[in-house]
Amino acid sequence: MKLHGFELVRLSMPLVAPFRTSFGVQTVRDVLLVRADTGDGVGWGECVAGGEPLYSSEYVDDAADVIRRFLAPRLLAADRLDPARVGPALAPVRGHRMAKAAVETAVLDAWLRGRGVPLAAYLGATRDRVPAGVSVGIMDSLPELLDAVAGYLAQGYLRIKLKIEPGWDVEPVRAVRERFGDDLLLQVDANAAYQPADTRQLARLDPYQLLLIEQPLDEDDLRGHAALARHLRTPICLDESITSARAAADAIALGACAVVNIKPGRVGGYLEARRIHDLCHAHGVPVWCGGMLETGVGRAANVALAALPAFTLPGDTSASSRYYAQDITPPFELAGGQLGVPSGPGIGVDPIPDTLRELTTSKEWLAAR
Ligand code: OSB
Ligand code: MG
């Protein structure tokens, strides 16, 4: 496959409600889509970097810059490009995994569409639908939180994840357990807001039968997580720390986590995500598919990945309506608490041209020379 070029498409997507985490509040998502053009076909990738470097060091303007200046030129120079060659071609550029994931996914999608193969089949999916969980932001009050959770449960979500931070942890968990009972699948996500000195406070979550606590400590503190794990009954799951299959292997070997959140964007793409899946599967470590408030383009690919066998826990793969009044693809909808895995070639969905145009704030064409 030889590419004619990439197009960088920027969108401004208002969220249906502000989403508050320990690192900030988001009301609009500044989306970067990458469209790979082969001349007789296209492929799409969505960059998951946020507008500011708060969840991780990457942010959307730097992702666009590194794609434009360093990633796209390396791929556009290749005469025989296929998805497996993207990672090695981009390896000289350090880091920037979210940017790399977006371009690799665009190439992978174009390549699969050219062959008529769905992404799910290519990755080794074993299911045609996946259970949906939902990530619930930090609220101003407990009644507001309980209303939000009740609303999601009424829609059929099968698992609730509460965002926590110091000052909003034990009370919201206790309130949700009390109101919705012991059968509710419940977990929490701290986005690295705690310190090792908070071990006793985190142990106060132990009585509430949480499925897991996600990323309590700093991204690079694997030893801290391993020490914390020895003091908690609640299993530790890592998100921010798992930047590659090697990082996942280190975390498992150190006892830093018992569960892994796989986000393809964070680890450099779907091929690396599959390697992490395989590694965790071999170690008996359950995984689930995280999310980064993706549009239907990113969601389609995440749902395909989530259909692999070691994804035994419901993911943050929610319906389009959880995020956007108007998605850029036909909306993903819950059916019995599950999302259907797209069955068409590649990611299996296409942006709706009129909707895409309405939400686009800028476009940039990067031509092969
Ligand atoms: O830590 O999982 C996270 C959203 C943005 C950045 C980081 C995270 C999240 C979420 C929401 O928790 C996941 C989703 O529903 O897409
Ligand atoms: Mg997380």
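Since we're looking at a predicted model, the values are computed, not measured. Whatever order the structure lists them in is the order used to number ligands and atoms, beginning at 1.
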Item to check | Phe19 six-ring centre to Arg322 NZ/CZ under 6.0 Å and within 45° of normal | outcome: yes
Item to check | Atoms of ligand 1 close to Lys263 [distance to a heavy atom under 4.0 angstrom, numbered from 1] | outcome: 1 (O), 2 (O), 3 (C), 7 (C), 8 (C)
Checklist entry - Mind checking whether His277 and Phe311 have parallel, tilted or perpendicular rings, split at 30° and 60°? => result parallel
Checklist outcome for this item: Near Asn191 (heavy-atom distance under 4.0 Å), the atoms of ligand 1 are 1 (O), 3 (C)
Item to check | Carboxylate-amine/guanidinium proximity below 4.0 Å for Asp316 and Arg299 | outcome: no
Checklist outcome for this item: re atom 13 (C) of ligand 1, the protein heavy-atom contact at minimum distance is Gly291 O, 3.3 Å
Next on the checklist: The criterion is side-chain contact (heavy atoms from CB on, under 4.5 Å); which residues satisfy it with Gln338, sequence neighbours excluded?
Outcome noted: Arg129, Pro131
Item to check | Per-atom contacts of ligand 1 with Lys163, taking only distances under 4.0 Å to non-hydrogen atoms | outcome: 1 (O), 2 (O), 3 (C), 8 (C), 9 (C), 10 (C), 12 (O)
Checklist outcome for this item: In ligand 1, the atoms that come under 4.0 Å of a heavy atom of Glu214 are 2 (O)
Checklist entry - Can you tell me which residue and heavy atom of the protein come closest to atom 15 (O) of ligand 1, and the distance to 0.1 Å? => result Tyr323 OH, 2.6 Å
Item to check | Trace of the side-chain hydrogen bond (donor to acceptor under 3.5 Å, both in side chains) decision for Ser320 with Glu333 | outcome: CA-CA 7 Å; Ser320 295; Glu333 286 167 350; over 6 Å; no
Next on the checklist: Out of all atoms in ligand 1, which are within 4.0 Å of some heavy atom of Lys161? Include the element for each.
Outcome noted: 2 (O), 3 (C), 12 (O)
Checklist entry - Out of Ser135, Gly24, Ala132, Ser22, whose heavy atom sits nearest atom 11 (C) of ligand 1? => result Ser135
Checklist entry - With only distance considered, is Tyr55 within less than 3.5 Å of ligand 1 through an N or O on each side? => result no
Item to check | Atoms (protein N, O or S; no water) under 2.8 Å from the Mg ion (ligand 2) | outcome: 3
Checklist entry - Is Arg35 close enough and on-axis enough to Trp365, meaning under 6.0 Å and within 45°, for cation-pi? => result no
Next on the checklist: Between Asp140 and Arg20 (salt bridge meaning N to carboxylate O under 4.0 Å), is one present in this structure?
Outcome noted: yes
Checklist entry - Can you list the ligand 1 atoms lying under 4.0 Å from a non-hydrogen atom of Asp239? => result 1 (O), 2 (O), 3 (C)
